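Being a predicted model, the structure only gives us computed values, none of them experimental.
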Amino acid sequence: MNSLEPAQPEDIELCYKIICSGREFQREQGFIQWTNDYPGYSDILDDIQRNTGYLFKLDGDIAGYLCVDFAGDSAYNRIEGTWQTEKPYAVIHRMALSPDYRNKGLASEVFTLAEQLCIQKGIMYIRIDTDFPNKRMQHILEKHDYMRCGVVHHRGCPRIAYDKLLEK
């Protein structure tokens with residue numbers, strides 16, 4: 001059984017290790033979306049303290065980490081383009097799978113679970129961004145019917161903005 005579960009303070013080291021391996025994986029693909037400073041240990045700690053950090057578990061084993069933030073993101077207040085709606089939304093940030101769980105189609109499962117979490121919390125709309133060279137994430141998002149809406153500037157860098165309206 002696969003699940004998304006809130007990360008706990010005792011999970012911080014493992015969560016950060018997953019993020020660091022995701023950073024290395026991006027570099028192996030030939031691009032740098034996550035810098036040496038971001039996402040940092042303090043970002044993950046903040047996620048956990050704000051109850052926005054989640055573990056992706058596959059049959060009880062921790063296979064990945066992501067942030068699902070129901071407070072929105074100020075970087076999304078300005079878009080070069082148009083969001084589909086101005087409804088309240090959740091943001092997905094910092095999604096990474098552990099190396100042993102990559103290339104198995106599990107990102108699809110993570111997005112399905114994140115969407116179910118949003119619906120359970122009464123949020124029917126998700127926004128997310130990714131870097132221009134991150135073709136893998138763009139493919140995953142478009143495969144899951146996320147709409148390309150324009151460009152946002154996250155942490156001073158232009159990113160492709162996507163969103164998705166959810167149905168019950």
Would you tabulate the side-chain donor-acceptor contacts of residues 112-121 under 3.5 Å, counting partners in other chains and residues two or more places apart, or write 'none'?
{"from": "T112", "atom 1": "OG1", "to": "S108", "atom 2": "O", "distance (Å)": "3.0"}
{"from": "E115", "atom 1": "OE1", "to": "K164", "atom 2": "NZ", "distance (Å)": "3.2"}
{"from": "E115", "atom 1": "OE2", "to": "Y146", "atom 2": "OH", "distance (Å)": "2.9"}
{"from": "E115", "atom 1": "OE2", "to": "K164", "atom 2": "NZ", "distance (Å)": "3.2"}

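Pairing each heavy atom of P39 with each of I19, the nearest pair is CG-CG2, 3.5 Å. Contact record, L55 with C15: CD2-SG, 3.5 Å, taken as the closest heavy-atom pair. What you find for Y16 and G40 is that their closest heavy atoms are CE1-C, 3.6 Å.
Aromatic pair W83/Y125: ring centres not closer than 6.0 Å.
Checking side-chain atoms of D163 against main-chain N and O of Q84 turns up a donor-acceptor pair under 3.5 Å. Although no hydrogens or angles enter the test, the distance criterion places a donor-acceptor pair under 3.5 Å between the side chain of T35 and the main chain of D37.
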Practice task
Please test Q26 against D131 for side chain to side chain contact (heavy atoms under 4.5 Å, CB included), starting from the C-alpha separation and ending with a verdict.
Solution key: CA-CA 11 Å; Q26 290 174 351; D131 204 359; over 6 Å; no

Exercise for the section: Starting from the C-alpha separation in whole Å, work towards a yes-or-no answer on side chain to side chain donor-acceptor pair (under 3.5 Å) for Y65 and D47. Expected result: CA-CA 11 Å; Y65 175 81; D47 291 346; 2.6 Å; yes

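Cation-pi geometry between R127 and Y89 is met: the NZ or CZ atom falls under 6.0 Å from the ring centre, inside 45° of the normal.
Relative ring orientation between F111 and H144 is described as parallel, the plane-to-plane angle staying below 30° on a 0-90° scale split at 30° and 60°.
No side-chain N or O of T130 forms a donor-acceptor pair with one of Q138 less than 3.5 Å apart.
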